[in-house]
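Remember, predicted model here, so these are calculated numbers, not experimental data. A, B, ... follow the sequence lines: proteins, then strands. Residue 1 opens every chain.
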There are 2 protein chains.
Amino acid sequence: MVRKLETHAALSEDDRRALMALPYTLRVYEPSSYLVREGDAPEQCAVLLSGFAYRQKQTGSGMRQIVSLHIPGEPLDFQHLFLDVADHNVQTLTRAEIATISRVALRELARSRASIGHAIFVNTLVEASIFREWILNIGRRDARSRLAHFLCEFAIRLDMQGVVDASGYELPMSQEQLGDALGLTAVHVNRTIKSLEADGLISRNRRRISFPRWEALRELADFSSRYLHLTQQAS
Amino acid sequence: MVRKLETHAALSEDDRRALMALPYTLRVYEPSSYLVREGDAPEQCAVLLSGFAYRQKQTGSGMRQIVSLHIPGEPLDFQHLFLDVADHNVQTLTRAEIATISRVALRELARSRASIGHAIFVNTLVEASIFREWILNIGRRDARSRLAHFLCEFAIRLDMQGVVDASGYELPMSQEQLGDALGLTAVHVNRTIKSLEADGLISRNRRRISFPRWEALRELADFSSRYLHLTQQAS
DNA sequence: CGTTATCTTGACCGTCGTCAAACAGGGTGG
DNA sequence: CCACCCTGTTTGACGACGGTCAAGATAACG
């Protein structure tokens, strides 16, 4: 579980044992629970075992922007591992099973075992790359491409994590939340979804989405998986 | 120069010597020179000694989005230090003096000297935090606030670096580039600038900008410097 | 079943993009 | 010094993408 992501980032040998030996506590969170609040001094480091989560910031006037999504198996707090105060909120999207580790213990481990530190670093860099792609997506693509891009990214990431049956997946979020992730309103997300559906680029019932014309969608989305650094396994 | 940023991120002792001992080459680049191209396998690591630079990505249809700005003293390639292939472009904004270090040498140093590795990591995390704020800024703020926020961030960062005389600064970019950074068009950037100017929130001649009503601007921008993690000096 | 969140749709409006032209400034070369 | 050009700034008219407001439909849930 913990090591799953570690391996995703870079190969470690038997320091998996060291990782597994870390004391952790398991807990189930309800949807929309806060795991980290902006302004907090993070003490724990959470790993998402099942369910989904997201990072979020708000403007002074209360508009919300979701800044990243996290799928089962991903660590949630590397972004704050070495920072003294949280600059954004982390929330569960669905009911989620979460393991928390002591931050100092993990830091110690990252320091003493180079390959673990390396793996964490790579994970952080890939997340940063995704942030950059989101800036491009929100800044420069219209609503249809933007949504399509989001759906493609989610599909690929779920696929890599082995969570998905190729035909499609269940979107774990409301259209309101989708809007918050894309910099759109819920109403316009709805129209955009229906527009993609009308063109046969996606099909769905309820929140389950499938991709009858994957290549066409990918092209509309202007999606290339380079920024996910999927081949960045070893070092 | 190199150590300046290192110190900015976390305190190192006499491994400054190790940093200074790294072999480097100095070179002056013309405006708009590419330092890294998307798809490259980065071999060098650049540090900006003077001048400005930015990161940029493009959509398939050729729209450009500037994803971050860099001011004198900042390292430019930590984002790719441990990744095999570049996911974005790095370009000079102005004429710039740049020192390049061997990537493997720096990686070796980061690995052998914990405090240097730590400093680099913190720097990366702060950059990631800025990416997140940009996502919020582009996704959820209107043109006036968005531009104001950008100007505030730039002012604070220049100030921290000691590059600025408190009264204001010279914006090193065209309105076209400003638009690319904000997810707007050059035309609308122009209107927005004039709108801020008309309200007395900024004043300028040519590209020199000053802030007669800093607090009002900061409020419009909804700007809080928390995300810059300015107090993150030690560890 | 009633209550609530989410989705859906329509009418209307505003911010921002598009297109185009005029204008200013800074080089360069005659 | 002036003609010339190039890049960047400024302005206007117009249109569209996406936001706002509001109501109704649908599904989830106790």
Query raised in the report: Who passes side chain to side chain contact (heavy atoms under 4.5 Å, CB included) against Ser33(B), sequence neighbours left out?
Result: Tyr29(B), Glu30(B), Thr92(B)
Query - For Ala221(A), all residues meeting side chain to side chain contact (heavy atoms under 4.5 Å, CB included), sequence neighbours excluded - result: Ala148(A), His149(A), Cys152(A), Phe223(A)
Is a side-chain donor-acceptor pair under 3.5 Å present for [Y] with [X]?
{"X": "Ser129(B)", "Y": "Asp87(A)", "answer": "yes"}
{"X": "Ser68(B)", "Y": "His70(B)", "answer": "yes"}
{"X": "Arg144(B)", "Y": "Ser195(B)", "answer": "yes"}
{"X": "Gln65(B)", "Y": "Gln56(B)", "answer": "no"}

Return the value, rounded to whole Å, for the distance between atom [atom1] of [X] and atom [atom2] of [N].
{"X": "Asn205(B)", "N": "dA24(C)", "atom1": "CG", "atom2": "C1'", "result": "14 Å"}
{"X": "Leu184(A)", "N": "dT15(C)", "atom1": "CG", "atom2": "P", "result": "18 Å"}
{"X": "Ile138(B)", "N": "dG18(D)", "atom1": "CD1", "atom2": "C1'", "result": "17 Å"}
{"X": "Glu197(B)", "N": "dT9(D)", "atom1": "CD", "atom2": "P", "result": "13 Å"}
{"X": "Arg140(B)", "N": "dC16(C)", "atom1": "CZ", "atom2": "C1'", "result": "16 Å"}
{"X": "Leu182(A)", "N": "dC17(D)", "atom1": "CG", "atom2": "P", "result": "18 Å"}

Report task. Not counting sequence neighbours, list each pair that qualifies as a side-chain hydrogen bond (donor to acceptor under 3.5 Å, both in side chains) and has a residue in residues 183-194 of chain B. Result -> Gln175(B)-Asn190(B)
Query raised in the report: In residues 187-196 of chain B, which ones come under 4.0 Å of DNA chain C, going by heavy atoms?
Result: Val187(B), His188(B), Arg191(B)
**Report entry** Residue pairs involving residues 33-51 of chain A (criterion salt bridge (charged side-chain N to carboxylate O under 4.0 Å, His left out); sequence neighbours excluded)
**Finding:** Glu38(A)-Arg226(B)
Requested in this report: Would you list the pairs meeting salt bridge (charged side-chain N to carboxylate O under 4.0 Å, His left out) in which at least one residue belongs to residues 45-56 of chain A, sequence neighbours left out?
Outcome: Arg55(A)-Glu127(A)
Query raised in the report: Does Leu26(B) reach the side chain of Leu49(B), with side-chain heavy atoms less than 4.5 Å apart?
Result: yes
Requested in this report: Walk me through it: do Gln58(A) and Arg140(B) pass the test side chain to side chain donor-acceptor pair (under 3.5 Å)?
Outcome: CA-CA 9 Å; Gln58(A) 288 176 245; Arg140(B) 287 303 187 206; over 6 Å; no
Query raised in the report: Looking at Leu184(A) and Ala143(A), what are the two nearest heavy atoms and their distance?
Result: CD1-CB, 3.9 Å
Query raised in the report: Which heavy atom of Ala181(B) sits nearest a heavy atom of Ile138(B), and at what distance?
Result: O-CD1, 3.7 Å
Requested in this report: Would you jot down, in residue-number order, the residues of residues 142-153 of chain B having a non-hydrogen atom under 4.0 Å from DNA chain D?
Outcome: none
Query - Members of residues 171-180 of chain B that approach DNA chain D, where some heavy atom sits under 4.0 Å away - result: Ser174(B), Gln175(B)
Query - Ile193(A) side, atom CD1; Leu201(A) side, atom CG - distance, nearest 0.5 Å - result: 13.0 Å
Collect all protein-nucleotide pairs involving nucleotides 24-30 of chain D in which both atoms are nitrogen or oxygen and the distance is under 3.5 Å.
{"residue": "dA28(D)", "atom": "OP1", "partner": "Arg206(A)", "partner atom": "NE", "Å": "3.1"}

Can you list, pair by pair, the side-chain donor-acceptor contacts under 3.5 Å of residues 208-216 of chain A, counting residues two or more places apart and other chains?
{"residue": "Arg208(A)", "atom": "NH2", "partner": "Asp165(A)", "partner atom": "OD1", "Å": "3.4"}
{"residue": "Ser210(A)", "atom": "OG", "partner": "Ser203(A)", "partner atom": "OG", "Å": "2.9"}
{"residue": "Arg213(A)", "atom": "NH1", "partner": "Asp199(A)", "partner atom": "O", "Å": "2.7"}

Report task. For the helix from dT8(C)-dA23(D) to dG30(C)-dC1(D), figure out the bend between the end axes, five pairs an end, and round to 10 degrees. Result -> 40°
Report task. Using salt bridge (Lys or Arg N to Asp or Glu O under 4.0 Å) as the criterion, list what pairs up with Arg64(B), not counting sequence neighbours. Result -> Asp180(B)
